[in-house]
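Note sheet for the following structure.
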Amino acid sequence: MSAIYKEILKGKQCGRKSFAVLVDPDKTDLEEVNELAFAAQSCGVDFILVGSSILTNGSMERCIKGIKEFCSIPVLLFPGSALQVNSHADGILYLSLISGRNPDLLIGKHVISAPLVKAAGLEVIPTGYMLIESGNLTTVSYMSNTIPIPRGKNEIAACTAMAGEMLGLKLIYLEAGSGAREVVPEAMIRTVKKSVDVPIIVGGGIRTPEQAESACRAGADIIVVGNALEKDLNLMEGLSRATHETVSVS
Ligand code: 1GP
């Protein structure tokens, strides 16, 4: 089994929660990337995700190199398109947007990106990506042309995650969307957690240690934060600590 996924599974098996930072190459200049990587190392961040729904003037390669210069944390691509595949990362969350019914994001883009991913020699982690309604229209929902799962529909979320697991996906990512007004509901995380054995990632709109802790208690194995840290890097220590100190009660 591949090294990064093995670590994720090990964490889940011993109830250790992981904290991941999302870096948007478009919104972060090189100096900020260096600073973030340095802080991530000292705050015990487990993974750094790099990617964005849309990339205008940023460079994946420059961003990944800027991270690796200042820390030894595994870098995972979190790609918004095949253009974001880059061999300087350690692995890729190979996303299938299973909450949506856009065939391009279920298989079309994969057909295009597969040879690039293979040539890049990345560790591939097949991930069921599920958008959850979060109070506002998010970039990812608009760009993917898909409707998120309604907040109260825990059973739909659970069945979607189960189907993803049965299709062989190794992670389930519950996504409220970058900068979401409302985070993924705890009850939904709890229901999904009971329905699948694969690790669960939760992200979108998490701004406080309390929110990270609640998501972990509900059953998240990995917490992802991007936006809040772009605004204030000092939040990293508290978010990382809250994640690492929390255990699931479900
Ligand atoms: C977005 O889940 C990630 O894809 C992180 O969201 O930027 O809102 O923290 P935020």
Side-chain angles (χ1 to χ4, degrees), residues 8 17-28 32-33 36 39-40 43 45-55 58 60 63 67 75-81 84 89 92-100 105 125 127-144 146 148-149 151 157 161 171-186 188-189 192 199-216 218-240 242-243:
I8 295 175
K17 309 295 182 179
S18 298
F19 185 65
V21 170
L22 173 64
V23 182
D24 180 341
D26 244 3
K27 292 194 206 153
T28 335
E32 285 169 337
V33 167
L36 181 139
C43 292
V45 169
D46 301 279
F47 306 103
I48 298 185
L49 271 48
V50 180
S52 175
S53 291
I54 187 162
L55 202 59
M60 292 295 281
C63 181
I67 292 166
V75 174
L76 289 167
L77 298 179
F78 179 54
S81 78
Q84 294 178 25
I92 178 167
L93 297 184
Y94 206 46
L95 307 171
S96 287
L97 186 44
I98 57 174
S99 59
L105 302 175
I125 308 177
T127 302
Y129 194 45
M130 293 172 48
L131 303 188
I132 313 301
E133 183 194 352
S134 61
N136 53 328
L137 176 63
T138 57
T139 306
V140 61
S141 184
Y142 177 79
M143 291 298 291
S144 66
T146 67
I149 296 176
R151 291 180 71 71
L171 290 175
I172 293 295
Y173 193 137
L174 299 178
E175 170 73 277
S178 197
R181 197 179 298 156
E182 294 185 77
V183 297
V184 177
E186 280 170 52
M188 184 178 280
I189 301 172
V192 170
I200 297 172
I201 307 181
V202 175
I206 296 174
R207 297 170 179 88
T208 67
E210 292 72 27
Q211 287 171 323
E213 187 183 325
S214 303
C216 286
D221 297 291
I222 303 175
I223 297 294
V224 181
V225 178
N227 253 274
L229 297 173
E230 276 164 23
K231 292 187 183 123
D232 184 2
L233 209 51
N234 295 319
L235 295 175
M236 193 187 285
E237 196 184 342
L239 286 162
S240 176
T243 301

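Both counts, for ligands and for their atoms, begin at 1 and track the order of listing. On a predicted model such as this, the values are computed, not experimentally measured, just so you know.
- Looking at every heavy atom in both residues, I92 comes nearest to P79 through CD1-CG, 3.8 Å.
- Among residue pairs with one or both ends in residues 225-237, those qualifying as salt bridge (charged side-chain N to carboxylate O under 4.0 Å, His left out) are K27-E230, E237-R241; sequence neighbours excluded.
- Legend: residues meeting side-chain contact (heavy atoms from CB on, under 4.5 Å) with V33, ordered by chain and number and at least two apart, are V23, T28, C63, I67.
- Protein residues are said to neighbour a ligand when one of their heavy atoms lies under 4.0 Å from it; for ligand 1 these are L22, F78, Y173, E175, G177, S178, G179, G203, G204, G205, V225, G226, N227.
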Between D46 and I222, is a side-chain contact (heavy atoms from CB on, under 4.5 Å) present by the stated rule, with each step listed? CA-CA 9 Å; D46 301 279; I222 303 175; over 6 Å; no

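- Take N136 and apply the side-chain contact (heavy atoms from CB on, under 4.5 Å) test, not counting sequence neighbours, and it matches S134, T138, R181.
- In this pair, Y129 and Y173 present their aromatic rings perpendicular. The plane angle is above 60°, beyond the 30 to 60° band.
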